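See below for the structure under consideration.
Quantities reported herein were computed from a predicted structural model and do not represent experimental measurements.
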Amino acid sequence: MGPRMKKTCVLWLSLLPGLALAQGAPISIPAPAACTVEGMLDEVRVAMKTGSPAYQRYARLRLKEAAIAMPPEALGRAVSQERDPAVLEAVGAALATKASNAQKPELLQPLLSRAKQDVDPGLRAAAVRALKGAPSVEFMAKNGDVVTYEQLVRDSAPEVRQAVVENLVTESAGIYFGHNAELAETAVKAAAASGDPSVATRLLGEVSMEAASPEAVRQLTSQLRSEDPGMRAAAAKALGGVPGTESPGARRSLTALYRSDSDLAVRKSALEGLARLGQSSARPLLESLRGVDPRMDPEIDAWLGALKLNLQEWHLLLREKQRLRP
């Protein structure tokens, strides 16, 4: 065990008494040998089966922190051999932490292989979830796109598809704060490939398009012609968040969609996209759409009422509109 590894183990072991007091129950302090990959996995295994939620979080976090100083080969072997989904997710997240800290995307290959090829859908989902919070889109690309989210989102297991959504939504908000073109393009491609309306709707609705490339915007616009109204509605909302350089084309597409699509949910989403693209300057366009479908005029009136307040932040404008007409 190297000096850095020993320091990490001592630090985490020193936190155990406080954790025990917080839980109101005694916790046996693991021996220093638990700071080997095998020993710490044994601790995680026990925590996942019998520990409180707080202790489970502690065990996972302790493993991730210690992984920075662990041999990558040992972590990779553990990922390849683990059969318990909860433990695989924990050791996979530790390997992702190691890869990110060392800036060596190739370390993720055992985890990506499990995510794509394992016969057990629970283990595939666990391997995907282990990537959550890591720059996984970038790392997949640097591994030659042998495994991609576009492939994983086609998985027959709903839990795998859901893990893909959670990863991309978390990565968009928590790592890049909505400003990553590759991530936006990945979300658009995954939504189109999924064949699952609930997956596509959430990807397009929650992954930021603020840095979307022209190609991603073109792909997004093509979804306005989807046979599925849920996909058309999700794409319309997403187009409202594209970069300013892409807004003229998006505005034309959304206006045409509102005039031609007979689905009320799609028309409602088109109005939201138009309001977001223009905010205060969107009022004349929205007013011009009154009468196209009289059933939607109250929705237009709500947007016009909210826009009169000249709110500068989109979330505040959306909240005000929701107050006027949910």
Run the salt-bridge test on R129 and E159 with the 4.0 Å N-O cut-off and return the result as yes or no. no
Are any side-chain N or O atoms of R114 and backbone N or O atoms of E82, one a donor and one an acceptor, separated by less than 3.5 Å? yes
Ion pair E299/R295, N-O distance below 4.0 Å: no
Are the charged groups of E185 and K189 less than 4.0 angstrom apart, N to O? yes
I'd like to know if E138 and K142 make a salt bridge, using a cut-off of under 4.0 Å between side-chain N and carboxylate O. yes
Closer than 3.5 angstrom, by distance alone: can the side chain of S172 be matched with the main-chain N or O of L168 as a donor-acceptor pair? no
Distance in Å, I175 CD1 paired with H179 NE2, rounded so as to fall on 0.5 Å steps: 14.5 Å
Counting only N and O atoms by type, is there a donor-acceptor contact under 3.5 Å from the side chain of N143 to the main-chain atoms of L108? no
Charged N to carboxylate O under 4.0 angstrom, E65 versus R62? no
Does the pair V91 and V44 meet the rule for a side chain to side chain contact (heavy atoms under 4.5 Å, CB included), with working shown? CA-CA 9 Å; V91 71; V44 170; over 6 Å; no
Mark yes or no for whether K98, through its side chain, and I68, through its backbone, hold a donor-acceptor pair below 3.5 Å. yes
Short side-chain to backbone donor-acceptor contact, S113 and Q109, under 3.5 Å: no
Quick one: does any side-chain atom of Q117 pair with a main-chain N or O of A115 as donor and acceptor, under 3.5 Å? no
Does the T50 side chain pair with the main chain of A47, one donor and one acceptor, at a distance under 3.5 Å? no
Could you go through Q322 and L318, starting from their C-alpha distance and side-chain angles, then the distance that decides it, and tell me whether this counts as side chain to side chain contact (heavy atoms under 4.5 Å, CB included)? CA-CA 6 Å; Q322 295 285 17; L318 182 59; 4.2 Å; yes
Quick check: does any side chain N or O of Q151 sit under 3.5 Å from a backbone N or O of T148, one acting as donor and the other as acceptor? yes
Quick check on side-chain contact (heavy atoms from CB on, under 4.5 Å): which of M140, E166, E89, E171 does L131 satisfy it with? M140
Please report the interatomic distance CZ(R232) to OG1(T201), rounded to the nearest 0.5 Å. 11.5 Å
Would you say the side chains of S136 and Y149 form a donor-acceptor pair under 3.5 Å? yes
Residue that, paired with D155, satisfies side chain to side chain donor-acceptor pair (under 3.5 Å) out of K116, Q162, R161, R124: R124
If you apply the rule side chain to side chain contact (heavy atoms under 4.5 Å, CB included), what do you find for R267 with D293, and how did you get there? CA-CA 9 Å; R267 279 182 161 160; D293 184 342; 2.6 Å; yes
Please lay out, stage by stage, how E182 and Y176 fare under the test side-chain hydrogen bond (donor to acceptor under 3.5 Å, both in side chains). CA-CA 11 Å; E182 291 75 19; Y176 296 110; over 6 Å; no
Judged by atom type as modelled, is there a donor-acceptor pair below 3.5 Å linking the side chain of S100 to the main-chain atoms of A96? no
Stepwise, does the side-chain hydrogen bond (donor to acceptor under 3.5 Å, both in side chains) test hold for S198 with D196? CA-CA 6 Å; S198 64; D196 183 334; 2.6 Å; yes
If you apply the rule side chain to side chain contact (heavy atoms under 4.5 Å, CB included), what do you find for E215 with Q219, and how did you get there? CA-CA 6 Å; E215 176 57 29; Q219 292 175 340; 3.3 Å; yes
Any side-chain heavy-atom pair of L41 and L63 under 4.5 Å: yes
Ignoring hydrogens and angles, tell me if any N or O in the side chain of S194 forms a donor-acceptor pair with the backbone of A191 under 3.5 Å. yes
